[in-house]
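Reading through the structure tokens given below for one structure.
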Amino acid sequence: MPKCLMRLNKFRHFVQTDAFFETSVPGVYAVGDVATFPMKIYNDERRVEHVDHSRKSAEQAVKAIKGKEAGSAVEEYDYLPYFYSRSFDLSWQFYGDNVGDAILFGDADPSSAKPKFGSYWVKDGKCVGAFLEGGSPDENTAITKLARAQPPATSPDELKAAGLQFASKI
Ligand SMILES: Cc1cc2nc3c(=O)[nH]c(=O)nc-3n(C[C@H](O)[C@H](O)[C@H](O)COP(=O)(O)OP(=O)(O)OC[C@H]3O[C@@H](n4cnc5c(N)ncnc54)[C@H](O)[C@@H]3O)c2cc1C
């Protein structure tokens, strides 16, 4: 095997890449679930096992390859973690990081006509992640902006009471 075709990640044995998904072997790229890459927003090395990142990392690798061929610069990958799932009439979205304290809000009563509930994650006084079940496109856009902006978080009780209003103000 060529020297370090796969510079295996020290934690989970996946493939280490740079911000363009190139491995330590020039011209060899790794994208999607297997890649451990620099997550700019958290100044950290991360691996993401979800569809959105698998598509976007592939796009980034292709841009990098084409950019190299054309001699043009390509911006570093600056990914905001985004996970989603849909099943029957349930549909949730999550943006950001699920670290720190989780603060639940909304109506999670299964007997409600249309339950809508979510959670914020607060770490070091900042809201770093948001989950929403049953959100409208505008509401999902609001939690995306929130996860990117990482605003200072108020007290857990205020955050719980504000619910989606907190994200809508970003
Ligand atoms: C049960 C399940 C549910 C999921 N639900 C969600 C969800 O709701 N939302 C979400 O965002 N993500 C979900 N995911 C995660 C998502 O499917 C993966 O993150 C995504 O498919 C990763 O894409 P990928 O291209 O990196 O890898 P893969 O889709 O795994 O593609 C890798 C391909 O490489 C092929 N391969 C492997 N070894 C070799 C080899 N030696 N030679 C040639 N080919 C090879 C495999 O056959 C496969 O086709 C789910 C995953 C699972 C397993």
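Read the numbers this way: they start at 1 and go in the same order the structure lists the ligands and their atoms. Just so you know, residue 1 is the first one in the sequence shown, and it goes up from there. If you're wondering where the values come from, they're calculated on a predicted model, not measured in any experiment.
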*asked:* What protein heavy atom lies closest to atom 10 (C) of ligand 1? Include the residue and the distance to one decimal.
replied: His50 ND1, 3.0 Å
*Identify the protein heavy atom lying closest to atom 30 (O) of ligand 1, giving its residue, its atom name and the separation to 0.1 Å.*
Asp33 OD2, 4.8 Å
_Check: Phe94 ring centre within less than 6.0 Å of Phe83 ring centre_ = yes
Would you say [atom] touches the protein, meaning some protein heavy atom is under 4.0 Å from it?
| atom | value |
| --- | --- |
| atom 5 (N) of ligand 1 | no |
| atom 28 (P) of ligand 1 | no |
| atom 8 (O) of ligand 1 | yes |
| atom 12 (N) of ligand 1 | yes |
| atom 49 (O) of ligand 1 | no |
| atom 16 (C) of ligand 1 | yes |

Under a 4.0 Å N-O cut-off, is there an ion pair linking [X] with [Y]?
| X | Y | result |
| --- | --- | --- |
| Asp97 | Lys126 | no |
| Glu59 | Lys56 | no |
| Lys40 | Glu75 | no |

*Please confirm whether the backbone N or O of Asp33 pairs with a side-chain atom of Arg47, one donor and one acceptor, at under 3.5 Å?*
yes
*Report the member of Ser54, Ala35, Ala30 with the shortest heavy-atom distance to atom 23 (O) of ligand 1.*
Ser54
*asked:* Side chain or backbone, does Val51 bring an N or O within less than 3.5 Å of an N or O on ligand 1?
replied: yes
_Contact check: Asp52 vs ligand 1, nitrogen or oxygen atoms, below 3.5 angstrom_ = no
